Amino acid sequence: MSSEVELRRGIRRRLVELNVNPYPHVPKSKVIPVRSIVRSPTPGSYVNVAGRVVGVRRHGALVFFDLVDDGQRIQCSISRSDVDKELFNFFEKFVDLGDYVYVAGSLYYTKKGELTIAVSDVQLLAKALRSPPVKWGHRILDPEVKYRKRYLDIMTNPQARRVFEVRFKTIEEIRKFMWSKGYIEVETPVLQPIYGGAAARPFKTHVWALDTEWYLRISLELYLKRFIVAGFNKVFEIGKNFRNEDIDVEHNPEFTMMESYEAYADYNDVMELTEELVSTVAKKVLGTDAVEYPVGREVVKINLSPPYRRVSLYDAFREFAGLDVESLPDDKLIEYLDKYSVRIAGGYDRGRAVVKLFDRIVGREHLVQPTFVVDFPKSSSPLAKPHRSRPDLAERFELYIGGMELANAYTELNDPELQASFFREEEARRALGDLEAHPFDWDFIEALEHGMPPTGGLGLGIDRLVMIYTGVNSIKEVIPFPMIKPREFEAKNQ
RNA sequence: GGGCCCGUAGCUCAGCCAGGUAGAGCGGCGGGCUUUUAACCCGUAGGUCCCGGGUUCAAAUCCCGGCGGGCCCGCCA
């Protein structure tokens, strides 16, 4: 079978025979970024650049081709009358779509007015044995190829590239924002003997050196609180969490969170921090905090400027569903659970029932503009401090934007005795089959026993924030290499 | 866990309903062309029709099973 790969291997072989290295260590002269040329072009000047060949238009003795360098495209032309014949023939015979090349030449504008390099020298920098799957600027339509070989998506599609530029700029700007607020960025273990800080099933692994089962963290929370116990007043961490659960448009088993903890603060302070962060970072990254996001079939304008609406969970039920859940007796609540076929692992619990019904009954269409839903039932929040004026509630909020939950935060529980009793309740639920119940963490209790100051904490989903910023509605679009079932390597074209 | 849809050339897809020589455009390769930019013109090669089994004289097409992907629902406090 004569494939593209075989053909190009033949070209590579011939180059080696001609003593031309198809993979030199560096370009023959120092190159400058194409972006810097495009930013301030000076026609007539001589430039050295490098890039991937993404388009070739041959006109016999004149060839136009496009280079892309670090995401920036520039057109080049090479003319038989302007360069020596051998160089022109070399380009014709040995340079293909996808190759990296060095070119030197002078800048000019074509008849159509496009900035172009009139090439006087060419060097092959890396022979590509496979050409790009689609023309540059076009989308890879097969989602499987797009996610499995994301480098091809980013290589060929500037819009995909932009999503990741926004993603990593967002992370950078979150860091700067938190630093500017006096937070210290810390690191905590990814591998943990006891997982915690959220309700989720963990990934398990075996540590041979200690011959013990360990877990990949499901949140950053419990170790960051240990930093507060240690005497750091303001800490944050940006890192991967791992939850062994299903994959869909809003969930990937491996995802990125920013968590922060601040001593002497409560959830009201954290709300102010959160809305300022979401807005400030948007302005830094996008130049605006007014964004558009697809909700259902419509694209909705979303204003990320503070202040965000605060609405209590019970008021949200009243306002959006006309339902006074608060005064609903348990038997009525159970009827609703049946009606919406909601199951509660580990047995009926009023608080959990309310929270589950919230997702089902209130609906996301009411939570498109940034909204803090505040004051959750105590029993659904085993790491939050009980409400200062409502014993049945916890001081907890979730931030919704575009119908998605972006953040979860508490006035943190710092009473070790109460925390221990919450853990015992969780253990009881686990015994009744709740696989996501919080495990009892004695070491964490002991840390709290040494005294943790009043603290406000935040967990912010970075992937979902980037979704809002970029207007995409699948988490796979903002995770460079989303989890996808592995495939046996096909010895294709080998 | 349940449902729907998809898998044919490197890419995008037609052919399947109603079984009968596997197609188009782009890309590749060869030729032509000095201002194109999804260049154009002429020619040409390229296939495990996702895999396995069944029905049939005959299967890309019909049936069963599997693999991979997407979407929806459930789950994800």
Side-chain angles (χ1 to χ4, degrees), chain A residues 1-8 10-11 54-66 73-82 88 96-98 108-116 118 129-148 152 156 198-201 218 243-253 255 313 340-346 349-360 376-384 394 396 398 405 408 426 429 434-438 473-476 482 484-488 490 492-493:
Chain A
M1 188 177 98
S2 157
S3 68
E4 175 185 58
V5 175
E6 273 176 49
L7 277 165
R8 293 199 175 196
I11 294 172
V54 299
V56 182
R57 296 172 292 284
R58 299 178 198 276
H59 297 263
L62 174 69
V63 180
F64 287 98
F65 61 99
D66 301 323
R73 190 195 76 102
I74 193 165
Q75 177 169 265
C76 304
S77 66
I78 181 166
S79 161
R80 185 154 48 197
S81 58
D82 293 349
F88 190 82
D96 291 303
L97 225 50
Y108 73 106
Y109 285 98
T110 62
K111 272 190 209 166
K112 296 269 170 66
E114 179 163 355
L115 183 68
T116 302
L129 298 185
R130 298 173 194 269
S131 60
V134 295
K135 285 183 187 176
W136 192 78
H138 291 237
R139 290 183 167 277
I140 293 174
L141 295 178
D142 182 343
E144 187 176 349
V145 173
K146 190 166 77 170
Y147 297 142
R148 240 181 241 293
L152 295 176
T156 56
R201 296 165 70 173
I218 61 170
R243 297 186 184 175
N244 208 343
E245 292 175 352
D246 275 346
I247 300 172
D248 65 26
V249 290
E250 286 180 12
H251 298 85
N252 193 65
F255 65 103
L313 188 77
Y340 290 94
S341 55
V342 175
R343 287 185 311 278
I344 297 178
D349 168 90
R350 188 176 172 90
R352 275 157 217 273
V354 168
V355 172
K356 287 227 175 199
L357 285 173
F358 176 76
D359 289 337
R360 195 60 66 85
F376 283 64
K378 191 171 71 177
S379 65
S380 72
S381 315
L383 298 163
R396 168 182 174 188
E398 288 184 346
E405 182 195 333
N408 187 16
E426 290 290 313
R429 299 191 62 79
D434 185 354
L435 297 172
E436 292 169 355
H438 202 295
N473 55 14
S474 167
I475 201 167
K476 285 193 174 81
I484 190 164
K485 215 167 189 176
R487 245 186 180 175
E488 281 176 43
E490 295 167 34
K492 225 167 144 188
N493 303 328

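Remember, predicted model here, so these are calculated numbers, not experimental data. Below, read A as the first sequence line, B as the second, and so on, with proteins coming before strands; counting in each chain starts at 1.
As judged by a 4.0 angstrom heavy-atom cut-off over every strand, A:Asp359 is placed among residues making no nucleic acid contact. Residue contacts for A:Ser81: at a heavy-atom cut-off of 4.0 Å it reaches a base atom on one of the strands shown.
More than 12 non-hydrogen atoms from other residues, nucleotides or ligands lie less than 6.0 angstrom from CZ of A:Arg73.
Base-pair partner of B:A22: not found among the strands shown (Watson-Crick or G-U wobble, both distances under 3.5 Å). B:U44 is paired with B:G28 under the criterion used here, namely a Watson-Crick or G-U wobble arrangement in which both key atom distances are under 3.5 Å. The partner of B:U35, taking Watson-Crick or G-U wobble pairs whose two distances both stay under 3.5 Å, does not exist in any strand shown.
Whole-Å rounding puts the A:Ile140 CD1 to B:C13 P distance at 13 Å. Atom CZ of A:Arg352 is separated from atom P of B:C75 by 15 Å (rounded to the nearest Å). Atom CD1 in A:Ile11 sits roughly 12 Å away from atom P in B:G28 (whole-Å rounding). Separating the CG atom of A:Asp246 from the P atom of B:A77 is a distance of 12 Å, rounded to the nearest angstrom. Summarising the geometry, the separation between CD on A:Glu6 and P on B:G10 is reported as 13 Å, rounded to the nearest angstrom. Look at CZ on A:Arg139: it is 14 Å from P on B:C13, rounded to the nearest Å. Summarising the geometry, the separation between CD on A:Glu250 and C1' on B:G74 is reported as 14 Å, rounded to the nearest angstrom. The separation between A:Tyr108 atom OH and B:U35 atom C1' is 7 Å, rounded to whole Å.
When the ring-ring contact (aromatic ring centres under 6.0 Å, His included) test is applied to A:Phe65, the partners found at least two apart in sequence or on another chain are A:Phe91.
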Decide side-chain contact (heavy atoms from CB on, under 4.5 Å) for A:Lys356 and A:Ser380; before the verdict, give the C-alpha distance in whole Å, the side-chain angles of both, and the deciding distance to 0.1 Å. CA-CA 10 Å; A:Lys356 287 227 175 199; A:Ser380 72; over 6 Å; no

One pair to check against side-chain contact (heavy atoms from CB on, under 4.5 Å): A:Arg352 and A:Arg429. What are the steps and the verdict? CA-CA 12 Å; A:Arg352 275 157 217 273; A:Arg429 299 191 62 79; 3.3 Å; yes

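Relative to the six-membered ring of A:Tyr340, A:Arg360 misses at least one condition, a distance below 6.0 Å or an angle of at most 45° to the axis.
You'll find that the side chain of A:Ser79 is closest to B:U34, out of B:A77, B:U34, B:U35.
Nucleotides B:G31 and B:G23 have their C1' atoms positioned 25 Å apart, rounded to a whole Å. Rounded to whole Å, the separation between the C1' atoms of B:G20 and B:U61 comes to 11 Å. Nucleotides B:C11 and B:C51 are separated by 15 Å at their P atoms, to the nearest Å. Using C1' as the reference atom, B:G28 and B:U34 are 24 Å apart when rounded to the nearest Å. Between B:C29 and B:U21, the two C1' atoms lie 26 Å apart (nearest whole Å). Remark: the separation of the C1' atoms in B:G27 and B:C13 is 14 Å, to the nearest Å. B:G66 and B:G7 have their C1' atoms separated by 14 Å, with the value rounded to a whole Å. Separating the C1' atom of B:A45 from that of B:G1 is a span of 49 Å, rounded to the nearest Å.
Pairing each heavy atom of A:Gly351 with each of A:Pro377, the nearest pair is CA-CB, 3.4 Å. Residues A:Ala198 and A:Ile218 come closest through the heavy atom pair O-CD1, 3.3 Å.
Side-chain atoms of A:Ser81 never come within 3.5 Å of backbone atoms of A:Ser79 as a donor-acceptor pair (strictly under, hydrogens ignored).
The pair A:Arg243-A:Glu436 does not meet the salt-bridge criterion, since no charged nitrogen lies less than 4.0 angstrom from a carboxylate oxygen. Here A:Lys476 does not pair with A:Glu144 in a salt bridge; the nearest charged N to carboxylate O distance is not below 4.0 Å.
Note that the CZ atom of A:Phe64 and the CD atom of A:Glu114 stand 9.0 Å from one another [nearest 0.5 Å].
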Taking only N/O atoms, report every protein-nucleotides 69-71 of chain B pair under 3.5 Å with atom names and distance.
unit_1 : atom_1 : unit_2   : atom_2 : d
B:G69  : OP1    : A:Lys485 : N      : 2.9
B:G69  : O4'    : A:Glu144 : OE1    : 3.2

Write down the protein N/O and nucleotide N/O pairs, taken from nucleotides 37-41 of chain B, whose separation is under 3.5 Å; answer none if there are no such pairs.
unit_1 : atom_1 : unit_2   : atom_2 : d
B:U37  : O4'    : A:Arg57  : NE     : 2.9
B:U37  : O2     : A:Gln75  : OE1    : 3.2
B:U37  : O2     : A:Glu114 : OE1    : 2.9
B:U37  : N3     : A:Glu114 : OE1    : 2.5
B:A39  : N6     : A:Arg58  : O      : 2.6
B:A39  : N1     : A:His59  : ND1    : 3.4

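The nearest heavy atom of RNA chain B to A:Asp96 and to A:Asp82 marks one nucleotide each, and the one closer to the 5' end goes with A:Asp96.
For B:C75, the OP1/OP2 oxygens have a side-chain nitrogen or oxygen of A:Arg360 closer than 4.0 Å. Proximity of A:Arg429 to the phosphate of B:A77: no side-chain N or O atom is located under 4.0 Å from OP1 or OP2.
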